[in-house]
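In listed order, ligands and their atoms are each counted from 1.
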Amino acid sequence: MREEIEQLDAKHILPTYKRQPGVFVRGKGARIWDSEGKEYLDFLAGIAVDALGHCHPAMVAAMHEQAQTLIHTSNHLLTEPQVRLAEKLCQITGMDRVFFANDGTTAVECALKIAKKHGLSKCPDGHYEFVSLHRSFHGRTLGALAATAQEKYQKSFRPLIPGFRYVTANNELELHAAMNKKTAAVIVEPIQGEGGLTTMSPEYLCSIRELCDTNDALMIVDEVQTGMGRTGFWLAIHRTKIQPDLVVLAKALGSGFPIGACLTRGRTNLILESGEHGSTFGGSALACATAFSVLNTIEGEGLLQNAQERGYELAQGLLAIGDPIIEVRGHGLMRGAILNRPIARDIVRACLDRGLIINATDETTLRFVPPLIISSDEVQECLRVLRAVMGELG
Ligand code: PLP
């Protein structure tokens with residue numbers, strides 16, 4: 001079976017992904033199995049997506065019930081699951097309103113369109129500017145790609161949408177120099193998931209807020225990867241008292257079911273008018289009922305606290321390994337181990353052989369984003385495999 005599926009992949013799927021070997025067939029909790037029956041401990045969780053682990057019974061039951069009742073109506077016809085989820089999201093984030101998208105990128109696009117309208121109201125000649133950060137990741141559609149300040153993603157698609165200025169994370173001088181009355185918005189990830197797990201300091205985030213206020217610009221916080229409990233808070237920005245103008249969510253929101261959301265507050269609530277944005281699938285009854293059950297389960301099972309406690313254990317354990325790990329970044333269950341030499345991909349491969357799934361965001365950064373249901377024993381198991389692998393690689 002494995003060979004046939006891998007051949008079909010090579011023949012019929014666009015060659016945009018570098019995959020790990022194997023064909024995966026089943027998951028439960030923090031474990032996943034391949035077609036040959038090999039078991040893996042999953043510390044990647046669909047890239048910070050499977051918050052409840054694989055096939056959590058509460059989520060499966062909610063999906064099953066909603067699928068038997070009503071799956072999709074389009075946004076021409078209102079459904080209860082959509083507004084119930086919106087109400088819940090506003091309660092837990094402190095935001096006011098929601099636009100439902102299908103994933104992180106389409107949620108980012110919504111935020112950028114709101115910011116563009118705001119920019120055009122300030123600069124009707126179209127010379128407004130956006131500020132984003134070097135090593136950021138906001139998605140790969142043309143708008144989101146212009147915000148994603150990484151050469152490897154942008155290089156084949158120039159010219160990009162104009163108006164973006166890029167600044168170095170945590171560098172206040174650059175931020176001050178980049179912002180002025182033409183700035184429409186700043187978009188920032190509290191922790192750069194694809195950019196070396198660089199973690200924004202609270203002071204830097206406060207400076208963004210202040211400079212946005214001074215310059216009548218919008219602060220967009222991209223919580224696609226950090227949001228919905230991953231750092232031990234519903235939003236990573238909740239570590240501070242900052243209130244963003246726009247928040248973008250996806251990944252863990254559906255714990256594997258595709259859904260994204262752009263949340264607005266105060267002055268951003270009514271920028272988009274009827275007909276100015278939309279989505280066929282966004283906010284379907286099935287997606288929203290599923291996400292609602294995910295949020296209730298995160299709450300009901302105390303997973304924010306688990307993310308804080310297990311995340312601390314993981315970080316301490318990684319630091320204790322020492323060479324080649326020289327630094328541990330991130331918060332909660334979003335951690336990066338920085339290596340003193342470029343062996344991250346070798347480590348990922350050796351861990352996979354030993355039944356542990358992690359990934360490398362570059363040659364010197366290992367990323368750990370396990371499900372929020374991860375147990376202390378599983379954290380220790382991950383650390384044991386890592387110690388063995390690092391011992392072997394020398
Ligand atoms: N924003 C951030 C911070 C992300 O990490 C990602 C994906 O990794 C995206 C946006 C794009 O999300 P998606 O891949 O769901 O479109």
- prompt: Does a side chain donor of either Q20 or N359 reach within less than 3.5 Å of an acceptor in the other side chain?
  reply: no

statement: Ranked by distance from atom 2 (C) of ligand 1, the top protein heavy atom is F137 O, 3.3 Å

query: Quick one: ring pair (Phe, Tyr, Trp, His ring centres under 6.0 Å) partners of Y204, sequence neighbours excluded?
result: none

- request: Mind telling me whether H277 and F99 have parallel, tilted or perpendicular rings, with 30° and 60° as the class edges?
  value: tilted

task: Provide the full list of salt bridge (charged side-chain N to carboxylate O under 4.0 Å, His left out) pairs with a residue in residues 193-207, sequence neighbours left out, each pair given once.
output: E194-R367

- request: Please lay out, stage by stage, how R341 and D323 fare under the test salt bridge (Lys or Arg N to Asp or Glu O under 4.0 Å).
  value: CA-CA 10 Å; R341 49 191 187 278; D323 180 79; 3.3 Å; yes

message: Need the ligand 1 atom indices (1-based, order shown) with element for anything under 4.0 Å from a heavy-atom of K251.
response: 5 (O), 7 (C), 8 (O)

field: Donor-acceptor contact below 3.5 Å, side chain R354 vs main chain R349
entry: no

query: For ligand 1, which atoms sit closer than 4.0 Å to a heavy atom of E194?
result: 8 (O)

- prompt: Can you list the atoms of ligand 1 that are under 4.0 Å from a heavy atom of D222?
  reply: 1 (N), 2 (C), 3 (C), 10 (C)

query: Which atoms of ligand 1 are found less than 4.0 Å from any heavy atom of D103?
result: 15 (O), 16 (O)

query: Any side-chain heavy atom of I92 within less than 4.5 Å of one from E299?
result: yes

message: Using a 4.0 Å cut-off to any heavy atom of E189, which atoms of ligand 1 qualify?
response: 3 (C)

- request: For atom 5 (O) of ligand 1, find the nearest protein heavy atom and state the residue, atom name and distance (0.1 Å precision).
  value: Q225 NE2, 2.8 Å

query: For ligand 1, which atoms sit closer than 4.0 Å to a heavy atom of T105?
result: 11 (C), 12 (O), 13 (P), 16 (O)

- prompt: Who's the nearest protein heavy-atom neighbour of atom 15 (O) of ligand 1, and how far?
  reply: G104 N, 2.9 Å

